[in-house]
Colleague: 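Structure incoming, see below.
Predicted model, so just to flag it, every value in this text is computed and none were measured. Quick note on labels: first sequence line is chain A, next is B, and so on, each numbered from 1.
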Amino acid sequence: MKPSIPKGTRDFGPAEMQKRQYIFNSLRLNFELFGYQPIETPSMENISTLTGKYGEEGDQLIFKILNSRIHEHKNKELLKKEFELSLESSRNSEELTEKALRYDLTVPFARYVVMNQHNISFPFKRYQIQPVWRADRPQKGRYREFYQCDADVIGSNSLVNELDLISLIDKSFKELNVPVVLKFNNRKILSAIAEVINEPDKIIDITVAIDKLDKIGKEGVNKELAEKGVSDDAIKKLQPLLEFKGDNRAKVAILQQLVGNTETGKKGIEEIEYLLNNSTPHFAKMELDITLARGLNYYTGTIFEVKANAGTFTPSILGGGRYDDLTGIFGLVNMSGVGISFGIDRIYDVMEELNIFPEQIGKMSTTKIMFAHFDEETQMHCIKLSAELRDKGIACEVYPDATKKLGKQFDYANKKNIPFVCTVGSNEITAGMYALKDMQKGQQQQLNVSDLIQFLKNN
RNA sequence: GUAGGUAUAGCUCAGUUGGUUAGAGCAUCGGUUUGUGGUACCGAGGGUCGUGGGUUCGAGUCCCAUUACUUACCCCA
């Protein structure tokens with residue numbers, strides 16, 4: 001059998017893991033610097049927890065888990081009927097699938113908050129670093145299994161949380177040295193637009209269409225709007241939005257004209273102005289993008305998206321926003337939350353393309369020193385030495401095979417990028433002086449055990 | 001779901017208008033070197049050319065089907 005792994009999944013070797021962990025560690029550190037606490041939730045959720053939260057398209061991409069032991073089901077006729085119905089249309093049958101792999105970390109978080117509401121003191125700031133699964137068709141930068149690193153605050157309406165997240169985004173990408181543009185918008189603006197042009201039912205179609213502006217252009221957007229049944233009159237009213245150019249202030253002015261006289265519009269503009277006036281990103285380029293919509297259904301206020309600002313591969317590497325009533329579905333109302341999600345797999349891809357991982361990352365050995373030997377006796381001596389070094393906190397290993405060939409042992413150390421090799425033969429044992437070779441410099445020196453330990457601690 | 005591309009050694013790929021025994025680099029193993037790697041030289045193993053059918057005296061090469069992978073669209077981290 002030829003081994004393989006499912007489409008859209010990947011194995012990670014030691015070098016990749018080192019780079020991935022570099023990103024994970026950096027993000028985790030920042031999450032904690034901002035006061036977020038870690039939680040984890042199961043890979044699978046009850047399917048009813050997930051469906052209906054991501055929009056029509058999103059729901060289709062949920063990985064469903066077939067119920068176990070369906071061959072033992074008591075009512076097979078019912079199963080057959082359910083299966084046939086499932087062939088007819090996109091629906092979910094709990095007789096067939098009652099669990100699904102999580103699609104994101106936000107919805108499971110909302111579920112967690114509702115279930116643990118009596119043990120949580122609000123506002124609750126949590127971070128979560130776990131894989132999610134999407135039954136998408138894989139392509140460049142798109143995987144079926146990938147990690148999200150989420151930071152959310154729930155139980156606070158304050159826009160200070162948005163400011164906090166902007167700082168977190170700014171600081172995180174600064175530390176990773178990834179040049180980014182942080183785009184933001186407000187769903188209230190989008191709602192107000194739908195209101196103003198009298199197409200409140202088409203809010204999703206409208207947002208999705210204008211989201212594509214930079215891809216398909218003004219004409220493309222208009223065409224799509226018409227296809228979705230938006231009236232000509234409404235499309236005409238939308239034109240200023242699609243045509244304007246200018247800086248953040250100019251955009252606000254346009255919004256003011258377009259939706260400033262509606263209540264939601266006014267509120268949305270207020271929020272946007274607050275963020276523009278009070279956020280202080282030093283690294284990320286902050287840009288109000290009034291065509292930014294984001295597909296997920298649950299956002300109601302501020303929305304965020306981050307893209308790399310260099311190179312040719314610039315997918316969205318972070319997304320987020322405010323959701324006012326995600327917990328409401330689970331029975332806990334008046335619980336507004338806001339959060340962001342770093343897509344570390346894409347951040348990795350972007351960093352790889354821009355070649356901005358620090359030089360040593362991916363090339364460093366976690367082993368500091370390897371012991372080379374000549375026979376079983378000298379090998380045993382190495383094992384004792386290694387125990388002594390490990391007690392002092394020095395990562396070391398003994399070449400596992402008994403071989404007389406030093407070359408082979410050095411080759412192993414070299415390929416593993418182990419910086420030091422200590423050769424232990426009978427001469428060394430008798431003298432109590434060991435040959436320590438610096439693999440990079442190629443220099444060798446004789447040291448006794450305590451000097452060896454001291455040297456390795458200092459280098 | 002829609003549209004393209006690719007499929008030859010463990011990996012990355014050559015392979016001419018269809019023509020003898022299908023090649024290279026890397027990797028692996030061995031040797032040059034029985035106490036020294038990263039750089040040198042020599043050698044070895046490893047392929048049903050994705051699968052099935054067709055055209056032909058002859059197919060890795062042309063045609064059809066099929067499967068897998070991949071890219072773009074949709075959507076998204």
Colleague: Please give, in whole Å, the distance from rG35(B) C1' to K404(A) NZ?
Modeller: 12 Å
Colleague: For residues 422-447 of chain A, which residues have at least one heavy atom under 4.0 Å from RNA chain B?
Modeller: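 Under 4.0 Å from RNA chain B: T423(A), N427(A), E428(A), K437(A), M439(A), Q440(A), G442(A), Q444(A).
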Colleague: So, Y127(A) versus D150(A): side-chain donor-acceptor pair below 3.5 Å or not?
Modeller: no
Colleague: Rounded to the nearest Å, what distance is computed from the CZ atom of residue R10(A) to the P atom of nucleotide rU70(B)?
Modeller: 11 Å
Colleague: Say we look at rA44(B) and rG50(B): how far apart would their C1' atoms be, to the nearest angstrom?
Modeller: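 Pairwise C1' distance, rA44(B) against rG50(B), rounds to 28 Å.
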Colleague: In whole angstrom, give me the gap between the P atoms of rC49(B) and rA9(B).
Modeller: 10 Å
Colleague: Could you check R111(A), K64(A), R102(A) and say which one makes a salt bridge (Lys or Arg N to Asp or Glu O under 4.0 Å) with E45(A)?
Modeller: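 Exactly one option meets the salt bridge (Lys or Arg N to Asp or Glu O under 4.0 Å) with E45(A), and it is R111(A).
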Colleague: Determine the Euclidean distance between corresponding C1' atoms of rG46(B) and rG23(B); express it in Å to zero decimal places.
Modeller: 14 Å
Colleague: Over 60° means perpendicular and under 30° means parallel, so tell me whether Y103(A) and Y54(A) are parallel, tilted or perpendicular.
Modeller: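 Y103(A) vs Y54(A) ring planes: tilted.
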Colleague: Taking the six-membered ring for Trp, are Y348(A) and F357(A) closer than 6.0 Å centroid to centroid?
Modeller: yes
Colleague: Identify whether any heavy atom of D411(A) sits under 4.0 Å from a base atom; if not, whether one sits that close to sugar-phosphate; answer base, sugar-phosphate or nothing.
Modeller: sugar-phosphate
Colleague: Quick check, are the ring centers of Y399(A) and Y412(A) under 6.0 angstrom apart?
Modeller: yes
Colleague: Within this structure, what is the CD1-to-P distance between I347(A) and rA77(B), rounded to whole angstrom?
Modeller: 13 Å
Colleague: Using atom CZ of R102(A) as one end and atom P of rA77(B) as the other, report the distance to the nearest whole Å.
Modeller: 15 Å
Colleague: Using a 4.0 Å cut-off on heavy atoms, which residues in residues 139-151 of chain A reach RNA chain B? List them by number, or say none.
Modeller: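 Q139(A), K140(A), G141(A), R142(A), Y143(A), F146(A), Q148(A) - these, ordered by number, are the residues of the stretch whose heavy atoms sit under 4.0 Å from the strand.
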Colleague: With a 3.5 Å cut-off and heavy atoms only, can you find an N or O donor on one side and an acceptor on the other between the side chain of N414(A) and the base of rG37(B)?
Modeller: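 Present.
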Colleague: So L318(A), base contact, sugar-phosphate only, or nothing? Heavy-atom distance under 4.0 Å.
Modeller: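 It contacts sugar-phosphate atoms only.
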Colleague: Using a distance-only criterion (donor-acceptor N/O pair, under 3.5 Å, no hydrogens), is the base of rC73(B) paired with the side chain of R137(A)?
Modeller: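 No such pair is found, so the answer is no.
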Colleague: Please tell me which of P6(A) and S316(A) maps to the more 5' nucleotide of RNA chain B, matching each residue to the nucleotide holding its nearest heavy atom.
Modeller: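 Upstream on the strand: P6(A).
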Colleague: For atom P, what is the distance between rC26(B) and rC63(B), given to the nearest Å?
Modeller: 35 Å
